[in-house]
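These notes concern the structure reproduced below.
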Amino acid sequence: VGITGTLRATLSDGVTTHDASIQTIDEYKQRFEGTQGTEFNFRDTWRYNVAAYRLDRLLELGMIPPSVERSWNGKTGSFTWWVDDVLMDEGARLKKKVEAPEAKRWNEQMWHVRMFDQLIYNVDRNLGNLLIDNDWRIWMIDHTRAFRVYDVLKTQGNLSRMDRNVLERLQALDKELLKKTMQNYLSPSEIDTLLKRRDVIVQHFSKTPALVFDWERPARPAQ
């Protein structure tokens, strides 16, 4: 679903066969009129899918399926691991009024979804790109409209609580590490503003240690 022309492909190396979603969108507009108003220097690009996955790995969140750069039909784009055993998306859950079986575990995941969206300044998080699998794990997908170049958070009130280890890894991010990890996916200004938003998030949780907790998560599936 969506408007970015996502394709579903079946990949195989002769041993392992699995599906992936392919996004090749890579658009820039000086001025864009969207549902949330006017946006200048608008970007909608597959590159942010790869950047979001790499950032997820650096923080060890384990909430974004692998996304890598590959070529298809003469176009370069992001190939993202197709999430298996999807029960529903968040939109369907709310529409059907289905409650998560473990409220504590659900809330802990959602706190980190909201934090991550503030960190990457995601302007397009919708209910359809939060997938829920049969184990009630939340998977974040489709980040083509993230990493805006703003120094401040989009909605600081969405910061609720954070895992202690995630906070430590967030603090450990620096420009050299991100330049190396995000080469060809984020510009210098996108990295700089990401780090400034990181500083705001770290300061927020450092001022209130009671908001930091030890997150007991299930092991991430092997991929």
Side-chain angles (χ1 to χ4, degrees), residues 1-6 21 23 25-27 29 32-67 77-78 80-83 86-96 98 100 105-133 136-163 166 170 182 185-186 190 193-194 196-198 200-201 204-205 215:
V1 297
I3 61 174
T4 55
T6 301
S21 64
Q23 287 181 293
I25 190 165
D26 193 11
E27 293 184 354
K29 294 180 180 180
F32 174 74
E33 300 292 341
T35 56
Q36 299 184 39
T38 302
E39 183 178 350
F40 294 96
N41 299 315
F42 169 84
R43 287 296 305 273
D44 192 351
T45 176
W46 62 266
R47 298 176 188 275
Y48 295 156
N49 284 331
V50 180
Y53 169 61
R54 292 186 174 200
L55 187 57
D56 170 277
R57 289 291 294 266
L58 289 174
L59 299 178
E60 296 185 19
L61 279 174
M63 300 185 72
I64 295 180
S67 189
S78 59
T80 303
W81 186 269
W82 195 270
V83 180
V86 172
L87 187 64
M88 66 188 89
D89 61 32
E90 176 64 349
R93 185 189 74 84
L94 293 174
K95 184 176 181 180
K96 296 175 182 178
V98 179
R105 181 182 169 198
W106 176 263
N107 290 334
E108 289 171 347
Q109 292 184 88
M110 286 303 301
W111 292 334
H112 289 85
V113 169
R114 293 172 185 142
M115 179 280 296
F116 191 78
D117 280 343
Q118 296 306 306
L119 178 63
I120 67 173
Y121 209 104
N122 189 1
V123 298
D124 192 36
R125 174 65 69 210
N126 61 68
L127 301 179
N129 54 37
L130 289 177
L131 305 182
I132 306 164
D133 69 17
W136 282 85
R137 291 178 62 98
I138 299 174
W139 296 94
M140 299 182 276
I141 63 169
D142 198 354
H143 298 93
T144 66
R145 295 186 182 182
F147 298 101
R148 281 7 193 184
V149 286
Y150 296 113
D151 295 352
V152 297
L153 304 186
K154 188 173 184 289
T155 312
Q156 185 161 341
N158 279 357
L159 299 179
S160 299
R161 300 190 68 190
M162 189 191 292
D163 170 62
V166 173
L170 188 61
M182 304 298 178
Y185 303 112
L186 294 182
E190 289 166 344
T193 49
L194 186 154
K196 289 178 180 178
R197 293 191 298 271
R198 183 280 306 272
V200 175
I201 294 171
H204 173 82
F205 287 104
W215 190 8

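Numbers here simply count residues along the sequence, with the first being 1. Because the structure is predicted, anything quoted here is derived from the model rather than measured.
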- Evaluation steps, side chain to side chain contact (heavy atoms under 4.5 Å, CB included), between D124 and N126: CA-CA 6 Å; D124 192 36; N126 61 68; 3.9 Å; yes

- Pair E90 + R93: basic N to acidic O under 4.0 Å: yes

- Message: Salt bridge check, R43 against D26: does any charged N sit closer than 4.0 Å to a carboxylate O?
- Response: yes

Rounded to the nearest 0.5 Å, what separation is found between the [atom1] atom of [X] and the [atom2] atom of [Y]?
X    : Y    : atom1 : atom2 : value
E108 : I138 : CD    : CD1   : 11.0 Å
I201 : F116 : CD1   : CZ    : 10.0 Å
Q156 : N158 : CD    : CG    : 10.0 Å
L131 : W82  : CG    : CH2   : 9.0 Å
I64  : W139 : CD1   : CH2   : 10.0 Å
L170 : R198 : CG    : CZ    : 6.0 Å

Got a donor-acceptor contact below 3.5 angstrom from the [X] side chain to the [Y] backbone?
X    : Y    : value
R148 : A146 : yes
D44  : E27  : no
Q109 : M63  : no
R197 : L119 : yes

Would you call [X] and [Y] a side-chain contact if the rule is heavy atoms closer than 4.5 Å?
X    : Y    : answer
L87  : V98  : no
R47  : F147 : no
V152 : V200 : no
R125 : R114 : no
Y53  : P65  : no
R137 : I132 : no
D117 : K154 : no

- Can you see which heavy atom on E190 is nearest to which on V149, and at what distance? CG-CG1, 3.8 Å

- Shortest non-hydrogen contact from A51 toward Y185: CB-CB, 4.2 Å

- Note on the structure: Residues passing the side-chain hydrogen bond (donor to acceptor under 3.5 Å, both in side chains) test with N49, sequence neighbours excluded, are Q23, S78

- Task: Apply side chain to side chain contact (heavy atoms under 4.5 Å, CB included) to the pair T80 and T6, showing each step before the final yes or no.
- Result: CA-CA 10 Å; T80 303; T6 301; over 6 Å; no

- Query: Can D89 and N129 be said to form a side chain to side chain contact (heavy atoms under 4.5 Å, CB included), step by step?
  - Reply: CA-CA 7 Å; D89 61 32; N129 54 37; over 6 Å; no

- Item | Geometric class of the Y150/Y121 ring pair [parallel <30°, tilted 30-60°, perpendicular >60°] | tilted

- Aromatic plane relationship, W215 with H112 - under 30° parallel, 30 to 60° tilted, over 60° perpendicular: parallel

- Test side chain to side chain contact (heavy atoms under 4.5 Å, CB included) on D151 and T193 and set out the steps. CA-CA 5 Å; D151 295 352; T193 49; 3.3 Å; yes

